[in-house]
Each structure stands twice: as structure tokens, then as C-alpha cells.
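Structure, as C-alpha cells:
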Amino acid sequence: MRVTTIHGTRDIRLEDRPKPTIDAPTDAVIKVSASCICGSDLWPYRGENTITPGDTIGHEMIGIVEEVGNDVRSFRPGDFVIAPFCHSDNTCPHCRAGMTSACANGGFTTGGQGEYAKVTQAEGSLVKTDGVPDASLLPSLLTLSDVFPTGWHCAVAAGVKPGSTVVVVGDGAVGLCAVLAAAQMGAERVVAMSRHEDRQKIARQFGATHIVAERGKEGADRIKDLTDGVGADAVLECVGTHDSMLQAFGCARPGSTVGFVGAPHGVELPLRRMFTKNIGLAGGMAPVRTYLPELLELVTSGAVDPGLVFDARMPLEQVAEGYRAMDERRAIKVYLEV
């Protein structure tokens, strides 16, 4: 099969590798229908994460069940499924508490930007649709493997409530999905911090009521202007850098919570501000499987269209160009046709 591999900084290749096999009774092999490039894939691409040359890459995918292990009883070949990027048995104590991303027997999708991929805890991880969905629905279904539940988790962690004022730091696909989540949860004001017109447009389609382009102290001052000097009731940090985290805390009102889902790189928390203003921090890796039933219903009912975050579509053969487009901010999120 063909699968995307990474060999060094900005060195992405499409190579032939053996097709995944059933190695444990909990495994399933999925024939990938669509995949995509995640913003977190750019960390190793840019050399910010350690790379083992030749590793497969990609963790977001949907597709059709090809083969299952003996312990997988709810799925069979031919089922169309959404595969959360973090696998879970859905029975361990952490899963029962809703934290499926920390499953005691969990794993992760690797090689999702390929023709086939393996899910190691298929019974507890996969969610199937009612038959094979129409092609027009695939982009939104693909967001359910990671990016939409991740934005949703950020809003849940920050305690977004109906009537609240929410600020979203980060205008990538996760940040835009966080805007969508906050709006769906009933926030009265949703402020998207964005300096890019194409991303601002999607943010407004997703429910943003205000756009703030300023950063740093100027950005925090703009939020205070919008809130009569109070600050935001909840802030959603969707980047993972030191500057974005400081921006989030600079916008947060006393007693609020900053939700964070951006993979942290070089972040130092402003503990003095957190202490004196009683500002909390919550979030982390999204427990995708926990949210999937609710979010799948939102998508299939037509209530939301998170697939709008895909502003570029390319065949798998052009995956290296897809990485370049996202790295150079020519694309928000690239949908890969497999």
C-alpha cells in the first residue's frame, strides 16, 4: 500500500509499505476513504519534534472496515467508520470516567495518511455510520476523527455556558472548530482572534460574533474594551505556544478558566496571574470517542458543517504539497483523497 512517511525536516514522501495486519484480537484494519493533514503534524515537519526517519505519519481518517480481530464484535467488513485518533477500549476506569484519550490499553492511529490503517482497540474506538454516507458528508465526518472533537473539548474544559463571552486564541482548524463549539453551546459572544481574512470568514460562518486581529497587550485590551473592562468568561487556547498561552490568560477574567488543546511547545504558565486572579487551566488531549455520539448527530442532522475547515483538497499523491501549503499558511487544512 501507499502511505505517507517523514524522513526529516520538511521531508515528506509517499512510499510503498506492507499493508497493516491483524496482530491482536482487538485490532481492525480500515481501508481509508479520506484523510487529512493536522496542524500537529507540522510540529515534526518543522523539526520541532523528534523524527525517526521513515516513520509513517497521519492520524485522522475515516473509511471502510476491511478486517477485524476475534474480539471485535460490533463491526464487520463493509462498515463505514470514524476512527478517533486516540484508541480506547471504552471499559477501563479512565474510559468509564470519560477520559478515553488516557485509556489504560489505548493507542494511536499511525499512518493514517495512507491507503490502509490499523485501529488497535476497534471495539471501543470505532463509530459507524448508518450505511455508507454521501460523498458530500465526508469532510465533516473526517473532522470527527480529531479536529472537531478537539475544539469541542476545549470549550467543555473551559466551561463555556449559554450567554457567556468566549475568546478563541488560534485560527487554525482546531481554533475554528472551537468557535463552532462555543456557538453550539450557547455562548452569546464568541470572539475569534484572527488576522487572516479567509479564516475570519469561516469563523463568522461558525458563529463568531466578533473578530480581533490585535495580539499581545493590544489584543487583551481589545477584549477588555468589548467586555466593559471585565475580560472573557472562558478562553479557548488552540495553538500550544508560549505566546498563545500568555494571550489566553491576558484575555481571561478573574475566576474564569482557560481551556487548552494545542500541543504545548515551550510554554511557561503565568502562575502569578493564575494565582492572584483565580484563573484556572483545564484541557489536554481530547477524549474523542467520548464526544463522538453527540457530535456525529450534529453532523448527520445538518446542524453543523465543520468540514468547511478544509479549504484545500488534494489526491494522496500530492501529500508533500499539502504539507507545504499548510506550513506556508496557504491552506487552513488539507483534505486528502485516498
Side-chain angles (χ1 to χ4, degrees), residues 20-36 38 40-41 56-77 79-114 116-129 140-157 174 177-178 181 259-264 282-300 306:
T21 57
I22 300 295
D23 299 315
T26 56
D27 289 349
V29 174
I30 309 300
K31 187 178 189 303
V32 179
S33 299
S35 182
C36 57
C38 182
S40 64
D41 293 329
T56 59
I57 192 168
H59 55 267
E60 297 172 279
M61 57 96 176
I62 53 177
I64 296 174
V65 174
E66 178 88 357
E67 186 179 2
V68 298
N70 291 334
D71 289 351
V72 182
R73 299 183 176 88
S74 301
F75 304 92
R76 61 184 181 181
D79 286 341
F80 190 95
V81 294
I82 298 151
F85 78 92
C86 44
H87 307 162
S88 56
D89 60 20
N90 237 346
T91 60
C92 83
H94 307 317
C95 288
R96 292 199 301 271
M99 200 46 57
T100 49
S101 55
C103 176
N105 298 300
F108 298 92
T109 300
T110 59
Q113 295 162 9
Y116 293 88
K118 181 190 291 188
V119 174
T120 58
Q121 291 289 340
E123 182 69 20
S125 302
L126 298 175
V127 171
K128 61 185 171 184
T129 60
S140 284
L141 292 176
L142 180 55
T143 69
L144 295 178
S145 65
D146 180 354
V147 65
F148 186 24
T150 294
W152 192 270
H153 181 54
C154 200
V156 170
V174 170
C177 285
F260 79 111
V261 291
M285 189 183 300
V288 173
R289 180 60 180 82
T290 303
Y291 299 126
L292 266 184
E294 179 180 5
L295 300 189
L296 178 58
E297 174 61 26
L298 285 175
V299 166
T300 55

[atom1]-[atom2] distance between [X] and [Y], expressed to the nearest 0.5 angstrom:
{"X": "Ser125", "Y": "Phe108", "atom1": "OG", "atom2": "CZ", "answer": "10.5 Å"}
{"X": "Leu142", "Y": "Ile62", "atom1": "CG", "atom2": "CD1", "answer": "5.0 Å"}
{"X": "Ser145", "Y": "Arg289", "atom1": "OG", "atom2": "CZ", "answer": "14.0 Å"}
{"X": "Asp71", "Y": "Arg73", "atom1": "CG", "atom2": "CZ", "answer": "5.5 Å"}
{"X": "His94", "Y": "Met99", "atom1": "NE2", "atom2": "CE", "answer": "10.5 Å"}

Determine yes or no for a side-chain-to-main-chain donor-acceptor pair under 3.5 angstrom, with [X] supplying the side chain and [Y] the backbone.
{"X": "Asp27", "Y": "Ile22", "result": "no"}
{"X": "Thr26", "Y": "Thr120", "result": "yes"}
{"X": "Lys118", "Y": "Thr21", "result": "yes"}
{"X": "Asp89", "Y": "Thr91", "result": "yes"}
{"X": "Arg96", "Y": "Asn90", "result": "no"}
{"X": "His87", "Y": "Thr109", "result": "yes"}

I need the minimum non-hydrogen distance between [X] and [Y], along with the two atoms involved.
{"X": "Val119", "Y": "Ala83", "result": "CG2-CB, 4.0 Å"}
{"X": "Val29", "Y": "Pro20", "result": "CG2-O, 3.7 Å"}
{"X": "Ala181", "Y": "Gly151", "result": "CB-O, 3.9 Å"}
{"X": "Gly259", "Y": "Cys154", "result": "O-SG, 3.2 Å"}
{"X": "Ala122", "Y": "Ala28", "result": "CB-CB, 3.4 Å"}
{"X": "Gly112", "Y": "Ala117", "result": "CA-CB, 4.4 Å"}

Taking only residues two or more places apart in sequence, or in another chain, which ones meet [X] in a side chain to side chain donor-acceptor pair (under 3.5 Å)?
{"X": "Ser140", "answer": "Asp305"}
{"X": "Thr100", "answer": "Thr290"}
{"X": "Asp146", "answer": "His59, Thr150"}

Item checked: Pair Glu123, Ser74: side-chain N/O donor-acceptor within cut-off below 3.5 Å -> yes

Note to self: Pairing donors with acceptors under 3.5 angstrom, does anything connect the side chains of Gln113 and Asp41?
What the structure shows: yes

Hey, are the side chains of [X] and [Y] touching, using non-hydrogen atoms and a 4.5 Å cut-off?
{"X": "Tyr116", "Y": "Ile30", "value": "no"}
{"X": "Leu126", "Y": "Ile82", "value": "no"}
{"X": "Val288", "Y": "Ser101", "value": "no"}
{"X": "Ser33", "Y": "Ile64", "value": "yes"}
{"X": "Val156", "Y": "Tyr291", "value": "yes"}
{"X": "Glu60", "Y": "Val147", "value": "yes"}
{"X": "Phe85", "Y": "Met285", "value": "yes"}
{"X": "Thr300", "Y": "Thr129", "value": "no"}

Margin query: Does Lys128 qualify as a cation-pi partner of Phe75, given the criterion of NZ or CZ under 6.0 Å from the six-membered ring centre and within 45 degrees of its axis?
Written below: yes

Check: In terms of heavy-atom contacts, does CG of Asp23 have more than 12 from other residues, nucleotides or ligands at under 6.0 Å?
Finding: yes

Checklist line | Worked verdict on Phe80 versus Leu141 for side-chain contact (heavy atoms from CB on, under 4.5 Å) | finding: CA-CA 11 Å; Phe80 190 95; Leu141 292 176; 4.2 Å; yes

